Amino acid sequence: MVFDYLREMYYEGRYFRLSECQPLERSFEECQRNFDNARKAFEEERNRKSRSVGTFRWNPLRRAKEGRAIDLSSTSDVPNCNKKAHEAYACRAMALGCGGKLSILRQCAANGAPGECKAEQLALSSCVNVATSEFEIAVEEIMKKKRRDHESE
């Protein structure tokens, strides 16, 4: 009985910490939508440009002044979602108890080139995947037990 209560409290804490990551995850999803919209606008502009070149002289400076051109090669015009993705993933890793692996990855990235930290990235990913799976299974078991207890009353 006490063990069940402690187990529930443990996973309730995890649930609360994961819910604190939701604003970061929503921010990342919004960034991805903005990027997709920018890419779509760029492709439409490129298609319009290729169609109009044959019929009249296309003036990219005029279009840029009108704010109609989006240059995906320019980092100022395209949202960079990497930072938001890393923030959301780091939050999730911390909430699921993988802070140690996250710390090791951060130390590796600070000490060397990011491409050299593949093993640390895989270890963090594995930790998050396993912890997520364990969390989902435990929550499902707790919910089943609560339903059974509620039905037996």
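Quick caveat, the model's predicted, so the values are computed rather than measured. Each residue takes its place number in the sequence, starting with 1.
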Asks: Is it possible for you to say whether L96 and L24 belong to one hydrophobic cluster, with membership spreading through side-chain heavy-atom contacts below 4.5 Å?
Replies: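 Shared cluster, no.
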Asks: To check you understand the geometry: which heavy-atom pair defines the closest contact between C127 and K101, and what is its length?
Replies: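 Reported closest heavy-atom pair: CB-CG, 4.1 Å.
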Asks: Taking atom OH of Y89 and atom CD of Q121, what is their separation to the nearest 0.5 Å?
Replies: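 Those atoms lie 9.5 Å apart.
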Asks: Is the closest side-chain heavy-atom distance between S103 and Q107 below 4.5 Å?
Replies: yes
Asks: Using side-chain heavy atoms (C-beta onward) and a distance below 4.5 Å, is R92 in contact with T132?
Replies: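 Yes, their side chains come closer than 4.5 Å.
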Asks: Could you check whether K145 pairs with D149 (Lys NZ or Arg NE/NH1/NH2 to Asp/Glu carboxylate O, under 4.0 Å)?
Replies: yes
Asks: Which heavy-atom pair separates L124 from A93 by the least distance, and what is that distance?
Replies: CD1-CB, 3.8 Å
Asks: Say whether L18 and L102 are linked into one hydrophobic cluster, either directly or through other cluster members, by side-chain heavy-atom distances under 4.5 angstrom.
Replies: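 They do share one cluster, since a chain of ILVMFWY contacts under 4.5 Å joins L18 to L102.
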Asks: Show the nearest heavy-atom pair for residues R14 and A95, with the distance to one decimal.
Replies: CD-O, 3.0 Å
Asks: What pairs with S27 under side chain to side chain contact (heavy atoms under 4.5 Å, CB included), at least two apart in sequence or on another chain?
Replies: K84
Asks: Of all residues at least two apart in sequence or in a different chain, which pass the salt bridge (charged side-chain N to carboxylate O under 4.0 Å, His left out) check with E141?
Replies: R7
Asks: Mind checking the CD1-CD1 spacing from I142 to I137? Nearest 0.5 Å is all I need.
Replies: 12.0 Å
Asks: Suppose we screen for salt bridge (charged side-chain N to carboxylate O under 4.0 Å, His left out). Which residues come up paired with E30, at least two apart in sequence or across chains?
Replies: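 Here the qualifying residues are R33.
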Asks: Could you measure the distance from the CD atom of E136 to the CD atom of E134? Nearest 0.5 Å is fine.
Replies: 11.0 Å
Asks: Closest approach of F35 and C81, non-hydrogen atoms and distance?
Replies: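 Minimum heavy-atom contact is CB-SG, 4.5 Å.
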Asks: To the nearest 0.5 Å, what is the distance between SG on C117 and CG on L122?
Replies: 11.0 Å
Asks: Can you find a heavy atom in the side chain of H86 that is under 4.5 Å from one in the side chain of K83?
Replies: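 No. Closest side-chain heavy atoms not under 4.5 Å.
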Asks: Below 30° counts as parallel, above 60° as perpendicular, anything between as tilted: where do the rings of F135 and Y15 land?
Replies: parallel
Asks: Kindly give the heavy-atom pair with the smallest separation between E116 and G112, and that separation in Å.
Replies: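 Between these two residues, the closest heavy atoms are OE1-CA, 4.0 Å.
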Asks: Would you say V130 ends up clustered with I104 if hydrophobic residues are merged whenever their side chains have heavy atoms under 4.5 Å apart, either directly or through other cluster members?
Replies: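 No.
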